[in-house]
Amino acid sequence: VDAALQTEISKSVAGLPYSLSLGGSAGNTIRAMARLGCDVGFIGKVGTDKTGDFFIQALENLGIEPFIFRGKERSGRCVSLISPDGERTMVTFLGAALELSAAEVTTAKACGLKVAIDLASFNVVEANLEFLRSLIQDYVDIVFANEDEAKAFTGEGEPLNALQMLSELCELAVVKVGIKGALIKRGSEVVHVGIMAAAKRVDTTGAGDLYAAGFLSGLCEGLTLRQCGTIGAIVAGKVIEVVGTTFSEEAWQH
């Protein structure tokens, strides 16, 4: 949405409880990876405003190296509206984030790093199918998708078939199948890992992002696919028990 519509929607829920926190899919993943002991940095663009200052300071406080540019637009913000059953919808104004250009980013591939992408939204997948297909085939090593995104990308309604098609384009594919957990494939190895059954759903915001964080932190440690999937499930199980994407020091210790 544009800035005006986001402001209008924010005003319509002005009387309800709210909190301000860091967000953004990649940002959520990187923050959680930092808490899990990984050495991480974050590249992005914010406005010359208090939101941008808050973002950079918060990254530094978490031990994340900020590679943050300043844009002309105001900082991007996402208003996350959560219903009583824990489901949520997002109203996003991208702002300065849209000004980040290819010239400002040195490619990870050139440095010998692995590249991971989360398909993140079936609407985005449907609208950018050819671009995403070529990107994944030529550039991406690891793909995360939920059932809807995997179906939108491959045309396959059966998650196992969608996983197979995804795995033909990249080194490692993960298809998350809601309460059934996740299907993971690398080479000829296929693994199914369940979810945290005891988790109490309060707010599903960030579940996919924190699943990726747990999974990738396991990969960084050289763990098995089953171990990586289990760490992902544990971290995702914790984040759906709180509102937002930040949980307590005590939860991290557990």
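Values reported hereafter were calculated over all heavy atoms of this structure, with side chains retained and with hydrogens, waters and symmetry mates removed.
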For residues 3-12, tabulate all N or O donor-acceptor pairs below 3.5 Å that involve a side-chain atom, not counting sequence neighbours.
from	atom 1	to	atom 2	distance (Å)
Gln6	NE2	Arg77	O	2.7
Gln6	NE2	Val91	O	3.1
Thr7	OG1	Ala3	O	2.9
Ser10	OG	Gln6	O	3.0
Ser12	OG	Ile9	O	2.6

Please tabulate, for side-chain N and O atoms in residues 171-189, each donor-acceptor pair with protein atoms closer than 3.5 Å (sequence neighbours left out).
from	atom 1	to	atom 2	distance (Å)
Glu171	OE1	Lys114	NZ	2.8
Lys176	NZ	Asp118	OD2	3.4
Lys185	NZ	Gly187	O	2.7

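Considering every non-hydrogen atom in both Ala152 and Leu129, the closest pair reads O-CD1, 3.7 Å. Between Leu169 and Phe153, the shortest heavy-atom distance links the atoms CD1-CE2, 3.6 Å. Summarising the geometry of Gly214 relative to Val235, their closest heavy-atom pair is CA-CG2, 4.3 Å, with the distance given to 0.1 Å. The shortest non-hydrogen separation linking Pro66 to Glu60 is CG-CG, 3.7 Å. Residues Ala213 and Ala32 approach most closely at CB-CB, 3.5 Å, considering heavy atoms. Between Leu135 and Ile117, the shortest heavy-atom distance links the atoms CD2-CD1, 3.8 Å.
Side-chain contact between Val79 and Tyr18 is absent, with no heavy atoms from C-beta onward closer than 4.5 Å.
Side chains of Asp209 and Thr29: a donor-acceptor N/O pair is absent below 3.5 angstrom, by distance only. A donor-acceptor contact under 3.5 angstrom links the side chains of Gln57 and Asn61, judged on distance only. When only modelled atom types and interatomic distance are considered, Glu126 and Asn123 share no side-chain donor-acceptor pair under 3.5 Å.
In the hydrophobic clustering of this structure, Val124 does not group with Phe131; members are Ile, Leu, Val, Met, Phe, Trp, Tyr whose side-chain heavy atoms approach within less than 4.5 Å, directly or through other members.
Aromatic ring centres of Phe215 and Phe144: separated by under 6.0 Å.
Screening Thr48, Asp49, Thr51 for a side-chain hydrogen bond (donor to acceptor under 3.5 Å, both in side chains) with Ser75, the sole residue that qualifies is Asp49. Partner Thr230 forms a side-chain contact (heavy atoms from CB on, under 4.5 Å) with one of Thr224, Val191, Val193, Leu223 and no other, that one being Val193.
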